[in-house]
Amino acid sequence: MTTEHFPILQVVLPLLAAPVCLLIRHPRRCWWLAMTVSAATLVISVILISTVYASGPIVYHLGSWAAPWGIEYRIDRLNSLVLLIVSGIGSVVLLFAHGSLGFEVKRSRQYIFYTAWMLCLCGLLGMCATGDLFNIFVFLEISSLSMYLMIALGYEHRALNAVFSYLVMGTIGATFFLIGVGLLYALTGTLNLVDLSNRLEPIAGSPTVLTAFAFIILGIGIKAAVFPLHWWLPDAYRYAPNSATALLACTASKVAVYLIIRFVYDLFGPGFSFKSVQLTEVLLAAGVSATLLMSTVAVFQNDIKKMFAYSSVAQVGYMVIGISLASVAGVTAALLHMFNHAVIKSALFMALGTAFVRTGGFSIDQIQGMGRYMPWTMAALLVAGLSLVGVPLTAGFVSKWYLILAAIEHDYLWLAIIVVAGSLLTLAYVWRVIEAGYFKPIPNHIEQRREAGAGLLVPLWILVLANLYFGIDTSLTLGAAHGAARALLGIAQ
Amino acid sequence: MNPELHLILCIATPLLGAGGILAAGQRPNLREAITLSTAVTLFALVLALNLHPEPYSPTARPFEIFPALTIAFSLEPLGLLFSVVSSGLWIVTSVYSIGYMRGNREKHQTRFYFFFAVSIAAAQGVALADNLFTLFIFYEALTLCTYPLVAHKGNDNALRGGRVYLGLLLTTSIGFLLVAMVWTWQLAGSLQFVEGGLLTGRLEGGTLLALLALYLFGIGKAALMPFHRWLPAAMVAPTPVSALLHAVAVVKAGVFTVLKVTVYIFGLDTLFQSNAAAVMMWVAAATLLLASVTALRKDNLKARLAYSTISQLSYVTLGAMLATSMGVVGGAYQIAAHALAKITLFFCAGAIYVAAHKSEVSQLDGLGRVMPFTFGAFFVASLSIIGIPPLAGSWSKWYLMLGAAESQHWAMIVVLIISSLLTIAYLMPVPLRGFFAGSGNDNQGFQWRNVREAPGTCVVPLCLTALACAVLFFLGDSLYRLILPIAGQQ
Amino acid sequence: MIDFGNIIYWVVVFLMMTGLYLVLASGNLIKKVVGLNIFQSSVFILYISLGKIAGGTAPIFAEGIERYANPLPHVLILTAIVVGVATTAVALALAVRIYAVYGSVEEADIEKQEVDAD
């Protein structure tokens with residue numbers, strides 16, 4: 001086997017592992033298989049990103065059918081970064097799932113969870129890797145359907161209602177996307193992204209293109225939970241098993257944001273998106289409202305998991321703001337935050353999942369005094385929380401810095417102030433958690449007052465340390481984000 | 001010693017000490033010994049910084065976060081001054097806090113000493129920062145690691161105070177200072193402290209005022225009104241914390257940053273020629289007077305001292321905004337002089353609380369006669385803050401007035417004089433009541449029958465710092481020569 | 001006056017709106033699933049009509065066949081139909097589970113039970 005098949009191998013491996021999981025049924029063996037496959041995808045994406053940086057984009061033709069007839073997989077600076085996020089953080093979260101799943105999902109059902117996980121991984125990686133519009137739709141649905149399954153395995157029966165709303169919204173979003181794809185195909189007769197982009201240029205003024213653009217952005221916007229299309233998200237995040245929430249938060253919404261970037265900057269091109277359609281105003285309004293409103297809502301949540309779920313919507317708002325600015329600094333900020341927020345939020349949700357093992361719930365009263373009997377878990381919450389706020393030397397600071405920089409570059413001082421106002425609201429809700437965890441007395445009903453096991457703490461702290469590492473050494477993240485942003489805006493490297 | 005290593009050691013020593021304190025948590029005597037020896041070592045290290053042949057050149061660069069944004073340390077006169085003041089006073093405060101914490105049987109003492117040491121490390125980082133970014137990191141670290149000290153008692157009152165403290169300091173620093181920094185970075189491409197000013201010639205008019213306001217309000221630790229509420233809120237902390245951190249390290253880190261930004265980011269010439277500085281100077285003058293008036297109306301001794309601190313801090317900001325060399329010298333001098341005097345006053349307040357459990361000014365009648373050393377020190381330190389020779393505070397007032405005259409802001413001279421009068425009015429009642437009030441009344445003597453001076457570990461440090469107020473007066477000239485080069489006159 | 005050449009699009013839009021309305025306005029979970037199906041069907045019709053050419057035959061390569069329909073959209077929509085069936089299956093399975101827990105598939109009932117439980 002040569003490296004040339006890696007782009008497809010990464011997608012096919014989890015796809016093949018899924019039915020095998022279904023057949024094995026034994027939870028531990030399923031996990032081993034899933035973990036091996038997940039680690040393999042991580043290795044592949046590391047190889048892919050280094051190849052892309054060494055020798056430019058990788059183009060792979062499925063079954064050797066040349067584009068635009070065959071399906072093309074195209075790995076460039078942008079999606080190699082997203083592939084790395086999905087496979088890397090996905091692997092760490094899977095490591096965590098091994099320890100945490102036992103507390104939430106019955107043993108007899110765990111194999112379903114791993115099967116769904118593999119399908120979801122396949123869908124997410126496929127969405128990133130493919131260069132074919134219809135392929136994106138198929139992978140989108142694969143990942144969505146498997147995600148519904150994972151959330152439905154949540155131990156509270158409200159999970160079922162949450163999934164149902166998510167399913168309805170998700171299906172509407174995917175169908176919108178499908179309509180947009182159909183319209184573009186009717187116009188150009190091609191589904192290949194590169195080919196399509198070239199053919200769209202001369203007919204950019206056509207109302208059909210506009211309609212297709214609107215349907216596609218709306219459809220993906222629902223998936224990415226761009227405000228105000230977010231309302232399925234808080235419940236879905238809240239009632240999913242903790243490891244699934246971490247996976248959702250760090251990968252699913254990020255891939256959707258990636259797709260928005262891909263379509264806005266690559267497929268339709270910044271000239272169309274920002275001059276003909278004036279997307280800046282729309283996205284800016286959505287991003288700013290998300291940041292301010294959703295952070296405010298988060299401040300008043302008494303359920304910490306829900307608080308962080310609303311916070312996710314707010315943080316997607318930051319990425320949307322970055323995208324809307326249509327400049328290198330803005331896109332760099334959006335990509336940086338995509339990466340950093342994946343690291344931050346998955347750490348936070350994993351810390352909550354670890355706390356859940358002893359507290360049995362997510363309400364702010366239940367974690368009181370946790371710093372005393374679970375010092376490592378609470379410290380993880382503290383560090384990841386500060387990173388979410390954007391304190392220097394954490395990952396969150398770097399993306400906030402670039403976002404403010406992008407705003408000031410556009411002479412939007414007000415936007416810079418809104419960005420930091422969002423940070424302060426973040427501080428307000430993060431601090432409620434910290435204060436309860438460190439300075440309040442332990443409630444009486446907590447029986448087992450000791451730290452969780454290493455199986456949970458090790459993956460958690462891998463991500464917490466990643467938060468610190470990417471706050472200090474930014475050469476990898478910043479280099480990748482900056483390179484991708486320059487490529488998207490057509491500025492020579 | 002290698003000068004770069006020397007700089008790093010100045011920050012690492014208290015951190016190592018903090019580690020030792022944590023390790024020795026179960027054995028109080030060993031723990032306190034570690035605190036004290038770390039404090040002495042640090043002070044010796046900082047003093048030795050002076051011995052390098054080229055004192056202001058060493059630079060240490062551990063790493064670069066992203067292009068033109070490095071973490072680096074270097075030594076320059078203002079930083080040296082702040083570093084010496086904060087590390088020197090840590091020794092006396094350590095002695096004092098051992099007496100205070102044990103005398104009051106406080107809980108969680110290990111946590112207390114640990115965060116105290118970490119805070120000192122952060123203060124050293126602020127002092128030795130080579131660029132604004134490094135300074136910002138340690139500035140934020142200082143906020144975060146003083147929070148557990150403020151909320152030390154853990155009851156609702158302490159938590160509420162802590163929330164205000166953290167909320168205001170982080171709001172201003174993230175909300176304004178960070179934006180100002182990014183803006184500066186965008187304008188100048190770096191955040192390096194440059195002699196003569198990084199932004200010289202890069203902006204003017206309204207933009208200059210906007211950026212200056214972002215900086216001055218953003219440096220919340222300088223307690224410019226209306227962002228001063230955190231300082232009284234921080235008074236829920238145990239007294240040694242109020243003494244060292246909220247009279248010296250934290251607040252001085254604030255005004256120190258103001259001076260650094262004025263001198264090295266904006267440049268005195270740029271500010272002198274613009275109206276922006278004059279606008280902010282009036283904000284400082286208003287803070288100075290309003291805080292003094294508020295202090296007059298506070299009966300609680302620590303609250304009165306807190307408002308006094310707000311007022312005195314504005315002297316530094318005002319000096320910086322005069323944008324003349326004398327103004328900067330006066331401001332720098334004020335950092336040292338006010339630190340010594342205010343720490344004495346807080347030590348006295350704490351000693352009174354330990355000995356007599358009194359915290360209101362109106363309850364102190366006649367107490368001075370049984371606690372002569374404490375009230376005597378209070379008297380000396382008050383005189384220094386008012387600005388009466390031969391005490392340290394007189395120099396800072398002198399240079400500030402010179403600066404005001406130099407830039408022909410005559411109104412500022414009036415403000416300074418009124419403020420001195422107000423200072424007399426709110427500080428003097430304490431020793432006067434202590435020594436003279438109710439002297440004809442036998443009941444008073446009866447009331448204090450069982451009261452004695454606080455333990456030696458409390459009284460000795462406060463006498464030492466009161467004495468230092470006088471000593472610093474005679475070091476006026478050397479301090480002047482230390483600061484003057486950076487203010488633009490050789 | 002409606003342009004009859006585009007009548008297929010009017011059908012698509014009508015079905016789409018009917019489906020969406022049903023999804024959003026109905027409080028019954030099963031009816032929501034029905035609405036989703038109608039909504040998706042409209043897109044299927046859209047795709048099928050894209051490939052169809054007036055007078056075209058099936059795309060079989062044989063003697064005498066010159067005009068034939070574009071097979072690609074039909075193939076695509078076959079995939080989308082499969083996806084739609086899978087989604088419907090998941091949605092109905094969820095409805096069954098919800099019915100088992102709450103004894104109802106009416107949103108109002110479920111919500112009332114949840115509020116009572118809090």
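Letters A, B, ... mirror the listed sequences (proteins, then strands); counts begin at 1. None of the values given here were measured: they were computed from a predicted structure.
- Along residues 82-90 of chain C, the residues that come nearer than 4.5 angstrom to chain A, judged on non-hydrogen atoms, are C:Val83, C:Ala86, C:Thr87, C:Val90 in order of number.
- Contacts between C:Leu29 and chain A at a heavy-atom distance below 4.5 Å involve backbone atoms as well as side-chain atoms.
- Of the atoms belonging to C:Ile98, heavy atoms from both backbone and side chain fall under 4.5 Å from chain A.
- Ring pair A:Trp117/A:Phe113 is tilted by interplanar angle, where 30° to 60° counts as tilted.
- Side-chain contact between C:Pro73 and C:Ile48 is absent, with no heavy atoms from C-beta onward closer than 4.5 Å.
- No more than 12 heavy atoms of other residues, nucleotides or ligands sit less than 6.0 Å from atom CD of C:Glu111.
- Residue C:Leu76 touches chain A through both its backbone and its side chain, counting heavy-atom pairs closer than 4.5 Å.
- Ranked by non-hydrogen atom pairs under 4.5 Å with chain C, the options A:Leu145, A:Val168, A:Ile142, A:Leu191 are led by A:Leu145.
- For the residue pair C:Asn70 and A:Tyr185, a side-chain donor N or O sits within less than 3.5 Å of a side-chain acceptor on the partner.
- Note: A:Tyr155 and A:Phe356 have tilted aromatic rings, judged against thresholds of 30 and 60 degrees for the angle between ring planes.
- Note: C:Phe39 CZ to C:Thr18 OG1 = 11.0 Å, rounded to the nearest 0.5 Å.
- Here the closest heavy-atom approach between residue A:Arg238 and residue A:Lys306 is recorded as CD-N, 4.1 Å.
- The candidate with the highest count of non-hydrogen atom pairs below 4.5 Å against chain C, out of A:Leu149, A:Val181, A:Asn161, A:Val138, is A:Asn161.
- Top candidate by heavy-atom pairs under 4.5 Å with chain A, chosen from C:Ile77, C:Val23, C:Leu72, is C:Leu72.
- A distance of 10.5 Å separates CG in A:Asn135 from CG in A:Asn192, rounded to the nearest 0.5 Å.
- Using cut-offs of 30° and 60° on the angle between ring planes, the pair A:Tyr73 and A:Phe139 is perpendicular.
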